[in-house]
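One structure is given here, and the rest of the page talks about it.
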Amino acid sequence: MFEKVAVIGFGLIGSSFAQALKRSGKVREVVAADKSEEVCRQVQENKLADNATTNLRDAVLDADIVVLAVPVGAMGHVMKGIAPYLKEGAIVTDTGSVKASVIEAVSPHLPEHASFVAAHPIAGTEHSGPLAGFPELFEHRWVILTPMPETPLRDVEKITTLWEATGANIEIMSPEHHDLILGITSHLPHLIAYTIVGTATNLEDDIQSEVIKYSASGFRDFTRIAASDPTMWRDVFLNNKAAVLEILQRFTEDLTALQRAIRYADGDYLYQTFDRTRGIRRAIIEAGQADYPDAPDPKTASPASE
């Protein structure tokens, strides 16, 4: 049983994490912290946490674990602000989708009496805000931990226990390996989605309206991804540029090969490529990593039940 967990940043991930912890019964008190008074009001009204505040000091005082669920570009700033108020033995963790730069930003501000266990839940939807969260978000999903060599093993075990309470599976790897893997599985797809939807917005008005009207499933899927939080993804690309640029170069080479096959009517190459890649989707479904059928739409979400 953890006495107090403070979640700083109460968007989709922070809200879902808090709700999952409350439901698990593993935490006596879950405190939400967000700079927005409106977000704190929604948290209180919908009972998404035990308490909510815009004051970071009040949130982290006496907290056993502090979770940084803010955009990766803000991690260092928030860590600097809370450092003087962390109790002896406090563990700080995060939910950022980039790990090397977050560790680099947080480490200089980490007091000697606290530790940092970097983490990334591989989960999410295109919606954002506290009402977009739901406690099942992490069930059977992977959470990657990238602890530093000097991080005490007992603290890694505590963060593992905390995430397992949400129903997540745990994997441990180096920050650099994480950033490369996520560059292909998450960051590149978002970059492509933003680009394709951006191309549609640059078409003539009459064509653009028809693109929207007759959107097939492929374009609809791209627009879903491209609807993700712009601040978060701006920070992701700026803080994982090396891995993203490396993967983007490989993608460009593969795209050029497909372009050549289409130009010269190389049907065999196209078929073999499509047949090989179709297996990836099947594997994702078999691994239980497909979409969330019951994820709430924050525009229509009702107050959470007690």
Side-chain angles (χ1 to χ4, degrees), residues 1-71 74-75 77-79 81-82 85-87 90-96 114 116-117 119-121 123-125 127-139 141 143 158-168 229 231-232 292 294-306:
M1 169 71 76
F2 298 93
E3 290 297 319
K4 179 181 177 180
V5 173
V7 181
I8 301 177
F10 225 73
L12 168 69
I13 299 298
S15 176
S16 297
F17 188 63
Q19 293 179 58
L21 289 183
K22 280 172 59 66
R23 187 178 65 172
S24 74
K26 299 291 186 181
V27 180
R28 194 176 306 279
E29 180 185 14
V30 179
V31 177
D34 197 282
K35 64 181 180 180
S36 168
E37 293 184 358
E38 173 61 19
V39 167
C40 291
R41 182 189 65 78
Q42 292 179 342
V43 172
Q44 297 279 32
E45 288 185 355
N46 293 277
K47 299 180 174 62
L48 304 179
D50 296 306
N51 197 4
T53 178
T54 58
N55 189 310
L56 293 184
R57 175 184 176 277
D58 292 345
V60 305
L61 278 177
D62 298 321
D64 301 304
I65 295 175
V66 177
V67 183
L68 306 181
V70 298
M75 294 285 184
H77 175 75
V78 173
M79 184 66 226
I82 66 173
Y85 312 113
L86 296 175
K87 78 172 189 177
I91 306 173
V92 180
T93 186
D94 77 305
T95 63
F116 180 62
V117 180
H120 177 207
T125 72
H127 299 302
S128 58
L131 298 183
F134 56 105
E136 300 85 6
L137 181 67
F138 309 110
E139 289 184 356
R141 304 288 168 161
V143 173
K158 288 180 180 179
I159 296 301
T160 297
T161 298
L162 196 70
W163 275 111
E164 287 178 341
T166 71
D229 183 83
T231 300
M232 182 186 78
Y292 303 93
D294 301 320
D297 185 333
K299 295 179 181 178
T300 59
S302 58
S305 59
E306 296 187 43

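In this structure the side chain of Phe2 never reaches within 4.5 angstrom of the side chain of Val30, judged on heavy atoms. Between Leu86 and Met79 there is a side-chain heavy-atom pair separated by less than 4.5 Å. Put simply, the side chain of Phe17 does not reach to within 4.5 Å of the side chain of Thr95, judged on heavy atoms.
Counting only residues at least two apart or on different chains, the salt bridge (charged side-chain N to carboxylate O under 4.0 Å, His left out) pairs with a member in residues 2-27 are Glu3-Arg28, Lys22-Asp50, Arg23-Glu136, Arg23-Glu139.
Shortest non-hydrogen contact noted between Val27 and Glu29 is CG1-O, 3.2 Å. The minimum heavy-atom distance linking Ala32 with Val43 is given by the pair CB-CG1, 4.0 Å. Across all non-hydrogen atoms, the minimal contact from Pro130 to Ser15 is O-OG, 2.7 Å. For the residue pair His127 and Ala132, the shortest heavy atom distance occurs at CB-CB, 3.7 Å. Residues Ala6 and Ala59 share a closest heavy-atom pair of CB-O, 3.3 Å. Closest approach of Leu12 to Thr125, counting heavy atoms only: CD2-N, 3.3 Å.
Listed by chain and residue number, nothing satisfies the salt bridge (charged side-chain N to carboxylate O under 4.0 Å, His left out) test with Asp229 (two or more places apart in sequence, or in another chain). Listed by chain and number, the residues in a salt bridge (charged side-chain N to carboxylate O under 4.0 Å, His left out) with Asp94 are Lys99 (sequence neighbours excluded). Judged as a side chain to side chain contact (heavy atoms under 4.5 Å, CB included), and not counting sequence neighbours, the contacts of Gln44 are Asn51, Ala52. Listed by chain and residue number, nothing satisfies the salt bridge (charged side-chain N to carboxylate O under 4.0 Å, His left out) test with Lys35 (two or more places apart in sequence, or in another chain).
Between the CD1 atom of Ile8 and the CG atom of Leu68 there is a distance of 5.5 Å, given to the nearest 0.5 Å. We find the CG-CZ distance between Leu48 and Phe10 to be 5.5 Å, quoted to the nearest 0.5 Å.
For the pairing with Glu45, the side chain to side chain contact (heavy atoms under 4.5 Å, CB included) check across Gln42, Lys47, Arg41 returns one residue only, Arg41.
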Given side chain to side chain contact (heavy atoms under 4.5 Å, CB included), test Lys87 with Val60 step by step and report yes or no.
CA-CA 8 Å; Lys87 78 172 189 177; Val60 305; over 6 Å; no
Can you list the steps and then say if Leu137 with Ile13 is a side chain to side chain contact (heavy atoms under 4.5 Å, CB included)?
CA-CA 8 Å; Leu137 181 67; Ile13 299 298; 3.8 Å; yes
Side-chain donor-acceptor pairs of residues 158-166 under 3.5 Å, sequence neighbours excluded:
unit_1, atom_1, unit_2, atom_2, d
Thr160, OG1, Val156, O, 2.9
Thr161, OG1, Glu157, O, 3.0
Thr166, OG1, Trp163, O, 2.6

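For the pair Ser128 (side chain) and Gly11 (backbone), a donor-acceptor distance under 3.5 Å is absent.
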